[in-house]
Amino acid sequence: MFVAIFLYLCKMFKKLGILLIASCWLVSCNKRFESAMKSSDKDYILQIADEFYAEKKYANAIELYQKVNSAFSGTEQAADIAFKQADANFQDKNYRLAAHQFKTFYITNPTDPRAEEAAYRSAYAFYTDSPVYNLDQTSTLSAINELQSFINMYPESSRVPEANGYINELREKLEKKYFEIAKIYYKTLKYKAAAIAFDNMLDDYPDTKLREEAMMYSLRSKYELGVNYSRFETQELRLQNAMTQYKLFVKAYPDSKFKSEADKINQKVEAEMVKHKEIAAKIEKAKADAEAANQDNKS
């Protein structure tokens with residue numbers, strides 16, 4: 001009984017000791033930070049900023065670097081401050097800001113030994129900031145551009161294969177976004193917009209993994225547009241577009257899982273084309289008969 005109570009009290013004192021140490025350390029950090037923020041001694045501020053950076057207290061380090069960086073402009077320490085500030089923002093998950101700071105670093109310090117790393121980190125920060133495919137893809141486009149710029153600047157870098165892998169991943173994300181946008185057009189019966197969107201996607205990303213499905217959606221859209229959503233004057237051209245799309249699809253994917261559906265669509269399109277030409281012939285005949293009758297009346 002007494003042994004159990006003794007062990008319990010030991011554990012409690014140990015926990016209290018840890019909490020006390022942590023509290024003291026936190027108070028010490030706060031005092032150092034407040035002291036540096038109030039100080040006008042740039043060397044002292046930089047010293048404390050570097051201490052926080054080494055301790056991975058990145059939020060504190062960022063504020064102090066920001067406070068002191070202008071004071072060291074043009075000095076030997078300027079490049080080191082700029083690199084650490086960019087890295088601290090990256091570690092603190094301020095990816096977009098870190099990307100711009102790394103980019104500024106390698107542009108401003110092209111001969112610095114860390115320039116290559118900064119160029120890569122800038123691109124990687126944009127990559128990390130890239131959101132899921134259905135959100136705004138500004139960071140994705142920036143990441144692709146930055147990764148490609150890195151490859152162009154450092155073609156012999158050991159990081160090139162990794163950079164190329166990130167580019168492929170980001171391009172697939174863009175493909176998915178444009179594919180889903182086109183599908184929304186299709187599902188909301190906006191077949192003209194859907195056909196254009198799917199064709200544009202296929203032109204922009206000819207090697208996409210979604211190519212087969214996108215081509216099939218294009219065929220479906222052109223079928224609907226030609227058969228169900230056309231004025232007589234535009235129907236023949238739209239039916240021809242659907243027939244052309246069918247030929248392209250079966251040529252590219254002769255064993256497609258969509259082949260049966262594509263064949264049925266083409267049969268309906270061809271049947272509709274026959275009807276259209278029959279009606280067109282009747283209209284032309286009626287016009288010719290009317291014109292002949294008009295000439296007879298005049299004579």
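We count residues from 1, following the sequence as given. For clarity, every value in this text was computed on a predicted model and none was experimentally measured.
Each of Leu97 and Leu141 belongs to its own hydrophobic cluster when Ile, Leu, Val, Met, Phe, Trp and Tyr are linked at side-chain heavy-atom distances under 4.5 angstrom. The same ILVMFWY cluster, assembled from side-chain heavy atoms under 4.5 Å apart, contains both Tyr53 and Met37. Follow the hydrophobic side-chain contacts under 4.5 Å out from Tyr229 and you never reach Leu237; the two are in separate clusters. Cluster membership for Phe179 and Leu174, using ILVMFWY side-chain heavy atoms within less than 4.5 angstrom, is shared. In terms of hydrophobic clustering, with Ile, Leu, Val, Met, Phe, Trp and Tyr side chains grouped at heavy-atom distances under 4.5 Å, Ile196 and Leu239 are assigned to different clusters.
A donor-acceptor distance shorter than 3.5 angstrom exists from the side chain of Asn109 to the backbone of Phe105, with no hydrogens or angles considered. Using modelled atom types, no side-chain atom of Ser139 and backbone atom of Ser130 make a donor-acceptor pair closer than 3.5 Å. Distance alone, capped at 3.5 Å, is enough to place a donor-acceptor pair between the Lys173 side chain and the Pro131 backbone. Proximity of a side-chain donor or acceptor of Ser149 to a complementary backbone N or O of Asn145 within less than 3.5 Å is detected. A distance-only check finds no donor-acceptor pair linking the side chain of Asp129 to the backbone of Ala125 [under 3.5 Å]. Not a single donor-acceptor pair under 3.5 Å links the side chain of Glu272 to the backbone N or O of Val227. No donor-acceptor pair under 3.5 Å is formed between the side chain of Ser39 and the backbone N or O of Ile45. Looking at Ser122, its side chain never comes within 3.5 Å of a backbone N or O of Ala118 through a donor-acceptor pair. A donor-acceptor distance shorter than 3.5 angstrom exists from the side chain of Asp41 to the backbone of Asp43, with no hydrogens or angles considered. Looking at Thr234, its side chain does come within 3.5 Å of a backbone N or O of Arg231 through a donor-acceptor pair.
Shortest non-hydrogen contact noted between Ala61 and Ala49 is CB-O, 3.7 Å. Residue Ile48 comes nearest to Leu64 through the heavy atom pair CG2-CD1, 3.8 Å, listed as atom of the first residue, atom of the second, then distance. In terms of heavy atoms, Ala242 sits closest to Leu219 at O-CD1, 3.4 Å. Scanning both residues, Arg171 and Asp204, for their nearest heavy atoms gives NH2-O, 3.9 Å. Nearest heavy atom pair, residue Glu236 against residue Lys277, reads OE2-CE, 4.1 Å. The shortest heavy-atom contact between Ala86 and Gln101 is CA-OE1, 3.3 Å.
The only option from Phe126, Phe83, Phe150, Tyr95 that meets the ring pair (Phe, Tyr, Trp, His ring centres under 6.0 Å) definition with Phe102 turns out to be Phe83. With Tyr191 as the partner, the ring pair (Phe, Tyr, Trp, His ring centres under 6.0 Å) test is satisfied by one option alone out of Tyr186, Phe198, Tyr217: Tyr186.
Ion pair Lys57/Asp92 not flagged as a salt bridge, since none of the NZ, NE, NH1 or NH2 atoms sits closer than 4.0 Å to an Asp/Glu carboxylate oxygen. One finds a salt bridge joining Glu261 and Arg220 here, because a Lys/Arg side-chain nitrogen approaches an Asp/Glu carboxylate oxygen to under 4.0 Å. For the pair Lys84 and Asp80, the salt-bridge criterion is met [side-chain N within less than 4.0 Å of a carboxylate O]. Between Lys176 and Glu180 a salt bridge is recorded (basic side-chain N to carboxylate O distance below 4.0 Å). Remark: Arg211 does not engage Asp207 in a salt bridge, criterion side-chain N to carboxylate O under 4.0 Å.
The aromatic rings of Tyr124 and Tyr166 are tilted relative to each other, their planes meeting at an angle between 30° and 60°.
Here the OG-NZ distance, from Ser230 to Lys222, works out to 13.0 Å after rounding to the nearest 0.5 Å. Note: Ile265 CD1 to Glu270 CD = 12.5 Å, rounded to the nearest 0.5 Å. Note: Ser221 OG to Met216 CE = 10.0 Å, rounded to the nearest 0.5 Å. Taken to the nearest 0.5 Å, the CZ atom of Arg96 stands 11.5 Å off from the CG atom of Asn94. Taken from CE in Met201 to OG in Ser218, the straight-line distance is 11.0 Å, to the nearest 0.5 Å. With rounding to the nearest 0.5 angstrom, the OG1 atom of Thr108 is 11.5 Å from the NZ atom of Lys103.
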Stepwise side-chain hydrogen bond (donor to acceptor under 3.5 Å, both in side chains) test for Tyr133 and Thr140: CA-CA 9 Å; Tyr133 75 89; Thr140 302; over 6 Å; no

CA sep, side-chain torsions, deciding dist, call: Tyr178, Asn200, side-chain hydrogen bond (donor to acceptor under 3.5 Å, both in side chains): CA-CA 9 Å; Tyr178 298 141; Asn200 285 342; over 6 Å; no

Stepwise side-chain contact (heavy atoms from CB on, under 4.5 Å) check, Ile151 with Ile167: CA-CA 11 Å; Ile151 292 169; Ile167 288 175; 3.8 Å; yes

Verdict with supporting geometry, Lys268 and Tyr223, side-chain contact (heavy atoms from CB on, under 4.5 Å): CA-CA 9 Å; Lys268 291 178 181 178; Tyr223 159 76; 3.4 Å; yes

From CA spacing to verdict: side-chain contact (heavy atoms from CB on, under 4.5 Å), Gln47, Glu51: CA-CA 6 Å; Gln47 175 194 331; Glu51 288 177 6; 3.1 Å; yes

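Residues Phe72 and Leu46 are in side-chain contact: their nearest non-hydrogen atoms beyond the backbone lie under 4.5 Å apart. The shortest side-chain heavy-atom distance between Gln235 and Met273 does not fall under the 4.5 Å cut-off. Gln245 places a side-chain heavy atom less than 4.5 Å from the side chain of Asp199. Within the 4.5 Å cutoff, the side chain of Tyr253 has no heavy atoms near those of the Phe258 side chain. Using a 4.5 Å heavy-atom threshold, the side chains of Ile144 and Tyr127 count as separate. The shortest side-chain heavy-atom distance between Lys257 and Glu212 falls under the 4.5 Å cut-off. In this structure, the side chains of Arg159 and Glu117 come closer than 4.5 Å at one or more pairs of heavy atoms.
For Gln66, the CD atom sits in a loose shell: 12 or fewer heavy atoms of surrounding residues, nucleotides or ligands are nearer than 6.0 Å. Atom NZ of Lys67 is surrounded by more than 12 heavy atoms from other residues, nucleotides or ligands within 6.0 Å. Summarising the local packing, NZ of Lys192 is surrounded by 12 or fewer heavy atoms from other residues, nucleotides or ligands at distances under 6.0 Å. More than 12 heavy atoms of other residues, nucleotides or ligands sit less than 6.0 Å from atom OH of Tyr246. No more than 12 heavy atoms of other residues, nucleotides or ligands shown are found within 6.0 angstrom of CD on Glu76. Atom NZ of Lys190 sits in a sparse spot, with 12 or fewer heavy atoms from other residues, nucleotides or ligands closer than 6.0 Å.
A cation-pi arrangement, defined by a distance under 6.0 Å to the six-membered ring centre and an angle within 45 degrees of its axis, is present between Arg121 and Phe90.
Between the side chains of Asp87 and Tyr58, no donor-acceptor pair is found at a separation under 3.5 Å. Using modelled atom types and a 3.5 Å distance limit, the side chains of Gln148 and Asn152 yield a donor-acceptor pair. Using modelled atom types, one finds a donor on one side chain and an acceptor on the other under 3.5 Å when comparing Tyr120 with Glu162.
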